[in-house]
Each structure stands twice: as structure tokens, then as C-alpha cells.
Amino acid sequence: QVQLVESGGGLVQAGGSLRLSCAASGRTFNGYAMGWLRQAPGKEREFVSVISWSGAITYYADSVEGRFTISRDNAKNTVYLQMNSLKPEDTAVYYCARSRPIQYSGDYYQTSQYDYWGQGTQVTVSS
């Protein structure tokens with residue numbers, strides 16, 4: 001059974017940090033790029049970051065570039081999102097998701113690129 005389980009969300013003050021984790025079943029994880037996406041209240045779900053299977057390639061949304069860092073530990077079937085210098089506009093439900101094979105790198109920025117999703121973890125940043 002395909003399963004992705006996020007954890008690590010919470011309430012933090014602006015300027016603070018959080019580290020999200022996503023634990024995946026082996027069949028979900030092996031050989032696939034993994035992404036983080038988010039959905040703020042009243043807004044569409046949007047791309048945050050993605051990491052290739054090897055970890056050598058990463059992409060970030062402009063809004064989080066330089067503040068967030070994605071990483072993965074394939075031995076533990078886990079993907080991480082380290083979020084620093086958090087802003088109130090980062091408030092959202094954050095989802096871990098598996099990427100389908102891509103045609104070109106721009107595919108990663110489309111939410112439709114992702115086929116399996118976790119249940120999400122709430123991140124709230126207070127001003």
C-alpha cells in the first residue's frame with residue numbers, strides 16, 4: 001500500500017524555523033523524485049520544492065528560495081524540508097508527494113505532476 005506520512009508542523013513565530021519530515025513506504029519512495037507542496041487558506045495548492053531520487057538535483061519556488069532546504073535519506077525512506085526565516089505568508093498545510101517521471105524540469109512545478117500525496121501537516125507562522 002502506498003503511504004506518505006508528514007510530521008513536524010506546528011505554530012512558530014515569524015523568523016523561526018521548523019523541520020518537516022515525510023516517511024514513505026518503500027514502494028512509494030524508491031527511484032522517485034519527491035516534492036513538498038502547500039495550500040494556504042483560500043488559495044490553490046502550490047509547489048514548494050522537489051528533490052531527485054539521488055538528492056543531487058533540487059528545485060525551489062521563488063518564494064522560499066534561500067530559506068527552505070529539501071533533503072532526503074533513502075536508507076530511511078524519508079524526505080525533509082528545513083524551513084528557516086519563516087514568514088506569516090508561509091502559513092499553509094504542507095504536503096509531501098511523489099513525482100511522476102518528468103519530460104523536463106518545468107514539470108516539477110505543476111501540482112498535477114504528483115501522483116501520491118500525504119495527508120498534510122499544518123504550519124502556522126504568527127507575526
Has the side chain of [X] got a donor or acceptor atom that lies under 3.5 Å from a matching backbone atom of [Y]?
X: Y60; Y: I70; answer: yes
X: R98; Y: Y116; answer: no
X: Y114; Y: M34; answer: no
X: E6; Y: T121; answer: no
X: N74; Y: S54; answer: no
X: T58; Y: I51; answer: no

Point to revise | side chain to side chain contact (heavy atoms under 4.5 Å, CB included) assessment of V123 paired with M83 | key: CA-CA 10 Å; V123 171; M83 305 186 296; 3.8 Å; yes
Exercise for review: For residues G31 and W53, report the shortest heavy-atom separation together with the two atoms involved.
Suggested key: N-CE3, 3.2 Å
Check your understanding: What is the minimum heavy-atom distance between S52 and A33, and which atoms define it?
Key -> CA-CB, 4.0 Å
Exercise for review: Identify whether the distance between the nearest side-chain nitrogen and carboxylate oxygen of R100 and D107 falls below 4.0 Å.
Suggested key: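 Salt bridge absent between R100 and D107.
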Check your understanding: In terms of side-chain heavy atoms, does Q3 have a donor or acceptor partner in S25 at a distance below 3.5 Å?
Key -> no
Note, [X] side chain near [Y] side chain (heavy atom, < 4.5 Å):
X: Y95; Y: L4; value: no
X: R38; Y: V64; value: yes
X: D73; Y: Y80; value: yes

Give, for atom [atom1] of [X] and atom [atom2] of [Y], the distance between the pair rounded to the nearest 0.5 Å.
X: D115; Y: S99; atom1: CG; atom2: OG; answer: 7.5 Å
X: Y59; Y: S49; atom1: OH; atom2: OG; answer: 11.0 Å
X: S63; Y: F47; atom1: OG; atom2: CZ; answer: 9.5 Å
X: D90; Y: R67; atom1: CG; atom2: CZ; answer: 4.0 Å
X: N77; Y: N30; atom1: CG; atom2: CG; answer: 5.5 Å

Side chains of residues 9-20: which donor-acceptor pairs under 3.5 Å do they make with residues two or more places apart or in other chains?
| unit_1 | atom_1 | unit_2 | atom_2 | d |
| --- | --- | --- | --- | --- |
| S17 | OG | N84 | OD1 | 2.9 |

Check your understanding: Side-chain heavy atoms under 4.5 angstrom apart, residues restricted to Ile, Leu, Val, Met, Phe, Trp, Tyr: same cluster for I102 and W117?
Key ->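 In one cluster: yes.
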Point to revise | Y108-V79 co-clustered via ILVMFWY side chain contacts under 4.5 Å | key: no
Practice item. Could you tell me whether Y32 atom OH has more than 12 heavy atoms of other residues or ligands within 6.0 Å of it? Key: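 Incorrect, the count does not exceed 12.
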Exercise for review: Answer yes or no on whether R72 is positioned over the face of F29, meaning its NZ or CZ is under 6.0 Å from the six-membered ring centre and within 45° of the axis.
Suggested key: yes
